[in-house]
> 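Okay, handing you the structure first.
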Number of protein chains: 2
Amino acid sequence: METRARETLRERKKRRTREALLRAALELFTTQGYEQTTVDEIAEACEVSQRTFFRYFAGKEDAAFAVQDMTEARFVAAVRERPAHEAPMEAMRQAVLQGWDALRETVESAVPVELYLRMYRTIESTPALLAAHLRRSAATEETIARLLAEREGVDVAADPRPRLAVAVFGGVMRVTERQWSTGDDFSLEAIRQLTASCLDQVGSALTGNWRTT
Amino acid sequence: METRARETLRERKKRRTREALLRAALELFTTQGYEQTTVDEIAEACEVSQRTFFRYFAGKEDAAFAVQDMTEARFVAAVRERPAHEAPMEAMRQAVLQGWDALRETVESAVPVELYLRMYRTIESTPALLAAHLRRSAATEETIARLLAEREGVDVAADPRPRLAVAVFGGVMRVTERQWSTGDDFSLEAIRQLTASCLDQVGSALTGNWRTT
DNA sequence: AGGCTAGTGACAGCCGCTGACAGTTGACAA
DNA sequence: TTGTCAACTGTCAGCGGCTGTCACTAGCCT
């Protein structure tokens with residue numbers, strides 16, 4: 001966590017360029033749309049060449065998910081740090097909620113939280129980005145599955161239950177995301193509350209017979 | 001189902017061109033890889049111009065999923081036709097299994113089943129296609145959720161349980177797909193059996209404490 | 001102070017995809 | 001049968017994402 005330690009001029013310039021590109025990209029994506037924004041525009045906004053953009057980001061998509069990656073990493077770390085006595089589903093639940101609580105600290109070093117939340121919604125409403133998001137989530141789920149398998153002492157190759165549990169959890173998260181991004185309360189508290197609410201209703205959703213309740 | 005009735009010459013030619021393009025595309029995708037195959041190659045293999053390819057398919061991706069779309073449509077229809085007394089999860093389970101059983105008839109009109117299965121695996125192992133696949137699945141899930149909500153007489157906007165149930169089911173399907181495509185038995189029977197097996201283990205996966213069993 | 005190299009810009013080129021326009025060929029009525 | 005019309009196709013031009021190459025500038029290090 002000691003990034004400010006002896007940062008050479010070159011490194012500082014690099015970091016600034018990257019941050020400028022990222023901020024400009026997210027700003028443009030969220031205001032005029034992802035597809036409508038060209039890489040040239042982003043580069044021009046920072047007064048660098050298009051080629052330089054591609055030296056910092058593997059592609060346009062990569063810039064869109066740069067911040068998301070930070071929060072996902074936090075989530076994985078949070079799961080890893082959960083006490084061993086917690087059941088898998090409970091550990092994931094706590095890790096996610098914890099992630100929302102600490103979102104500000106996680107994100108603010110790169111971009112304003114408000115910009116992050118706007119980008120989050122842009123991802124949900126842009127088909128190409130939604131696809132990429134789901135694929136990335138699948139990769140994260142695979143990581144978590146291995147983590148839980150090891151933690152519970154089962155073989156992830158032979159026992160499908162770790163992957164099943166994570167897939168179910170991931171499915172619930174996607175419903176939560178969708179509900180939040182199509183709702184009318186775009187606050188951080190709203191998404192935290194929705195997360196808990198959706199997780200609480202999984203059992204009821206699976207047992208069927210929704211008419212009676 | 002009466003496609004052969006009064007098919008004009010023009011229509012026949014069109015259908016042939018489309019089928020040729022589709023077959024060539026899948027053949028090339030599955031043998032040399034999706035990214036490694038250019039649209040020009042596909043068009044050339046059928047002796048048409050690149051422009052013509054784009055008149056039949058919205059894009060390279062579209063060709064890759066043409067057959068998948070047929071099976072998904074069958075699945076949605078199957079859910080719709082399930083008896084009203086079945087619980088949601090059970091209805092989806094039956095619909096999927098039924099889909100695998102009828103796969104041959106569903107697919108063979110377009111391409112050989114073997115080619116379909118090969119393409120299925122190619123999708124799983126190609127990041128760009130996997131992303132598209134997940135997004136398409138999400139769209140299908142939304143359709144199913146509305147279907148089940150109506151069927152059970154609940155409001156899909158107010159009650160998250162239909163979407164939750166479908167998301168959970170979809171998650172299990174993805175685990176199944178992955179397990180199948182990374183396993184060593186690429187037969188149709190294998191995937192059918194895996195489907196049932198994974199669905200059976202969801203309960204156990206969620207209750208945690210995997211060590212004891 | 002001067003050599004070294006990371007970082008950059010400029011240029012050329014591939015590929016997916018689209019719009020515009022003209023040529024060809026099947027459909028259908030006179 | 002023939003002529004007209006609409007459908008289908010090829011060609012060409014162009015945009016945007018992305019990559020390789022190469023020369024050049026600017027910070028680093030001795």
Side-chain angles (χ1 to χ4, degrees), chain A residues 5-22 24-26 28-29 31-66 122-123 126-133 135, chain B residues 4-22 24-26 28-29 32-66 122-123 126-133 135:
Chain A
R6 272 280 150 250
E7 194 181 24
T8 173
L9 173 57
R10 224 180 228 166
E11 291 168 330
R12 215 180 319 160
K13 275 184 115 173
K14 249 184 96 169
R15 207 179 36 110
R16 292 232 178 100
T17 306
R18 198 194 132 87
E19 279 175 9
L21 281 169
L22 182 56
L26 296 195
L28 288 168
F29 291 163
T31 52
Q32 56 180 347
Y34 176 74
E35 324 262 19
Q36 286 69 43
T37 304
T38 68
V39 174
D40 282 315
E41 259 179 303
I42 303 170
E44 200 170 352
C46 306
E47 298 181 310
V48 295
S49 74
Q50 189 219 49
R51 195 68 187 83
T52 295
F53 173 90
F54 285 107
R55 289 205 175 89
Y56 283 94
F57 299 98
K60 211 169 111 174
E61 190 186 292
D62 207 52
F65 287 100
T122 303
I123 289 172
T126 307
L129 289 181
L130 178 57
H133 173 57
R135 182 172 51 87
Chain B
R4 206 50 25 86
R6 273 271 154 259
E7 196 183 22
T8 174
L9 172 59
R10 213 176 235 166
E11 292 169 330
R12 215 179 318 158
K13 275 184 115 172
K14 250 185 93 171
R15 218 199 50 216
R16 291 232 179 99
T17 307
R18 197 193 133 89
E19 279 175 9
L21 281 170
L22 182 55
L26 297 194
L28 288 168
F29 291 163
Q32 57 181 350
Y34 176 74
E35 324 261 20
Q36 287 68 44
T37 304
T38 67
V39 174
D40 282 315
E41 258 178 303
I42 303 170
E44 201 172 351
C46 304
E47 299 183 308
V48 295
S49 73
Q50 188 218 48
R51 196 68 185 83
T52 293
F53 173 89
F54 285 108
R55 289 203 176 92
Y56 283 94
F57 299 97
K60 214 169 110 171
E61 189 187 289
D62 206 51
F65 287 101
T122 303
I123 289 172
T126 306
L129 289 181
L130 179 57
H133 174 56
R135 182 172 53 86

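The figures that follow rest on heavy atoms only: side chains count, while hydrogens, waters and symmetry mates do not. Below, chains carry the letters A, B, ... as their sequence lines are ordered, and counting in each starts from 1.
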> Round to the nearest Å and state the distance from A:L21 atom CG to C:dG9 atom C1'.
14 Å
> From the list C:dG9, D:dA7, D:dC18, which nucleotide is the closest neighbour of the side chain of A:K60?
D:dC18
> Heavy atoms, side chains only, cut-off 4.5 Å: are B:E11 and B:R15 in contact?
no
> How long is the line joining CD of B:Q50 and P of D:dG14, in whole Å?
16 Å
> Expressed in angstrom and rounded to an integer, what is the separation of A:E35 atom CD from D:dC15 atom P?
19 Å
> Side chains of A:F53 and A:D40, heavy atoms from C-beta outward: is any pair under 4.5 Å?
no
> Taking any heavy-atom pair under 4.0 Å as a contact, classify B:Y56: base, sugar-phosphate, or nothing.
sugar-phosphate
> I need the CD-P distance between A:E44 and C:dG9, as an integer number of Å.
12 Å
> Which sits closer to the 5' end of DNA chain C, B:R55 or B:E61, going by the nucleotide each is nearest to?
B:E61
> Is the shortest side-chain heavy-atom distance between A:F54 and A:V39 below 4.5 Å?
yes
> Can you find a heavy atom in the side chain of B:L22 that is under 4.5 Å from one in the side chain of B:Y56?
no
> Nearest to the side chain of B:R51 - D:dG27, C:dG19, C:dG16?
C:dG19
> C:dG7 P sits how many Å from A:K13 NZ, rounded?
12 Å
> At 4.0 Å (heavy atoms only), tell me whether B:T38 reaches a base, stays on the sugar-phosphate, or touches nothing.
sugar-phosphate
> Answer yes or no: are there more than 12 heavy-atom neighbours, outside A:Q36 itself, under 6.0 Å from its atom CD?
yes
> Would you mind reading off the distance between A:F29 atom CZ and D:dG17 atom P, rounded to a whole angstrom?
9 Å
> Name the residue closer to the 5' end of DNA chain C, choosing between B:E11 and B:Y34 according to the nucleotide with the nearest heavy atom.
B:Y34
> Please determine, for the side chain of B:F54, which listed nucleotide (C:dC17, D:dC18, D:dT11) has the closest atom?
C:dC17
> Rounded to whole Å, please give me the gap between CD in B:Q36 and C1' in C:dC15.
13 Å
> Rounded to the Å, how far apart are A:D40 CG and D:dG16 C1'?
8 Å
